[in-house]
Amino acid sequence: MSAEILYWSMLRDSQWTFYIAATAQGLCFVGSPGQHVDELAAWSKKRFPDYMLVRDEQAMQPYINELTAYLNGELTEFSCPVHLYGTPFQLAVWHALRDIPYGRTCSYSDIAERIENPEAVRAVGAAIGANPLLIIIPCHRVVGKNGSLTGYRGGLEMKKNLLILEKAVPLR
């Protein structure tokens, strides 16, 4: 039996460069700016151990196109398929994040309430930190209860720039 393929490429934007990866089912990874390809390889071995990592610009072009359009302010909603891999709790959190509208923000406790687990604010934070699809699953739209910028795998500067791009306002 042959291994399944995990396609990857590098997305270069005017501000950032980051790695992305997809299975035949959809996009499964959007890395942080400044990551090294070795970090993508380590992530893929952990999450998709039976997949062979193959660089394929053509297979990744639809994802690059959507992400580039978003970063250029030309796209507010993604339509590309995704392949999410996580615990049931993580998946619930990530699905709740996808419901945050473009240009809006909410707090970690808002997400905990949306998944009907209001006491799980810290666990929500951990699930958000494990989000493998930066930008596509918009964890940058989650801010502190007082509106402050909080941790982001891509760095607070990236989070701030994404919120500026979206002209984000608090969701209340």
### Task
Inspect the contact between E166 and R141 and indicate whether a charged nitrogen and a carboxylate oxygen are less than 4.0 angstrom apart.
yes
#### Entry: D13: side-chain contact (heavy atoms from CB on, under 4.5 Å) partners, not counting sequence neighbours
L11, Q15, W16, L71, N72
### Task
Give the ring-plane orientation class for F78 versus Y70, where under 30° counts as parallel, over 60° as perpendicular and anything between as tilted.
tilted
### Query
For I164, which fellow cluster members are found when Ile, Leu, Val, Met, Phe, Trp and Tyr are connected by side-chain heavy-atom distances below 4.5 angstrom, either directly or through intermediates?
none
### Query
Ignoring hydrogens and geometry, is there a side-chain-to-backbone donor-acceptor pair from T87 to Q90 under 3.5 Å?
yes
### Query
Any side-chain heavy atom of L40 within less than 4.5 Å of one from F29?
yes
### Message
Taking side-chain contact (heavy atoms from CB on, under 4.5 Å) as the definition, give me every residue that meets it alongside A69, ordered by chain and number, with sequence neighbours left out.
### Response
E74, L75
### Task
May I ask whether I137 and M158 are part of the same hydrophobic cluster, defined by side-chain heavy atoms of I, L, V, M, F, W, Y residues being less than 4.5 angstrom apart, directly or through others?
yes
### SB check R114 E116 (cutoff 4.0 Å)
no
### Query
Are any non-hydrogen side-chain atoms of T23 and I5 less than 4.5 angstrom apart?
no
### Query
Can you name the salt bridge (charged side-chain N to carboxylate O under 4.0 Å, His left out) partners of R153, sequence neighbours left out?
none
### Message
With a 4.5 Å cut-off on side-chain heavy atoms, are I111 and I100 touching?
### Response
yes
### Message
To check you understand the geometry: which heavy-atom pair defines the closest contact between C80 and I136, and what is its length?
### Response
SG-CD1, 4.1 Å
### Task
Please name the pair of heavy atoms, one in C139 and one in I128, separated by the smallest distance, quoted to 0.1 Å.
CB-CG2, 3.5 Å
### Message
Quick check for you: to the nearest 0.5 Å, what is the distance between Q61 atom CD and D56 atom CG?
### Response
10.5 Å
### Query
Any link between M52 and I20 through a network of hydrophobic side chains (Ile, Leu, Val, Met, Phe, Trp, Tyr) touching at under 4.5 Å?
yes
### Task
Quick one: which residue pairs count as a ring-ring contact (aromatic ring centres under 6.0 Å, His included) with a foot in residues 94-150, not counting sequence neighbours?
none
### Message
Under 4.5 Å between side-chain heavy atoms, counting indirect links through other Ile/Leu/Val/Met/Phe/Trp/Tyr residues: same cluster for I64 and V54 or not?
### Response
yes
### Query
Atom CZ in R122, atom OG in S109: separation rounded to 0.5 Å?
13.0 Å
### Query
Any side-chain donor paired with an acceptor under 3.5 Å for D110 and S107?
yes
### Message
If I compare all heavy atoms of N131 with all of L133, which pair ends up nearest, and what's the gap?
### Response
OD1-N, 2.8 Å
### Message
Are the side chains of F48 and H83 in contact, using a 4.5 Å heavy-atom criterion?
### Response
yes
### Query
Shared ILVMFWY cluster between V82 and F89, side chains joined below 4.5 angstrom?
yes
### Query
Is W43 linked to L27 within one hydrophobic cluster, defined over Ile, Leu, Val, Met, Phe, Trp and Tyr using a side-chain heavy-atom separation of less than 4.5 Å?
no
### Minimum-distance pair of heavy atoms, taken over all atoms of A96 and I115
CB-CG2, 3.9 Å
#### Entry: L6 side chain reached by C28 side chain, heavy atoms, under 4.5 Å
yes
### Query
Just how far is it from atom NE2 of H36 to atom CD of E39, taken to the nearest 0.5 Å?
8.5 Å
### Task
Applying side-chain contact (heavy atoms from CB on, under 4.5 Å), run through S32 and L134 and close with a yes or a no.
CA-CA 7 Å; S32 302; L134 291 187; 3.8 Å; yes
### Query
So, for A168 and T105, which heavy atoms are closest and what is the spacing to 0.1 Å?
CB-CG2, 3.9 Å
### Message
Which residues pass the salt bridge (charged side-chain N to carboxylate O under 4.0 Å, His left out) test with E66, not counting sequence neighbours?
### Response
none
### Task
Report the residue from F18, Y51, Y19 that forms a ring-ring contact (aromatic ring centres under 6.0 Å, His included) with W8.
Y19
### Summary
For V142 and T150 the tightest heavy-atom approach is O-OG1, 4.1 Å
### Message
Would the distance check show the side chain of S44 and the main-chain N or O of A41 forming a donor-acceptor pair, the cut-off being under 3.5 Å?
### Response
yes
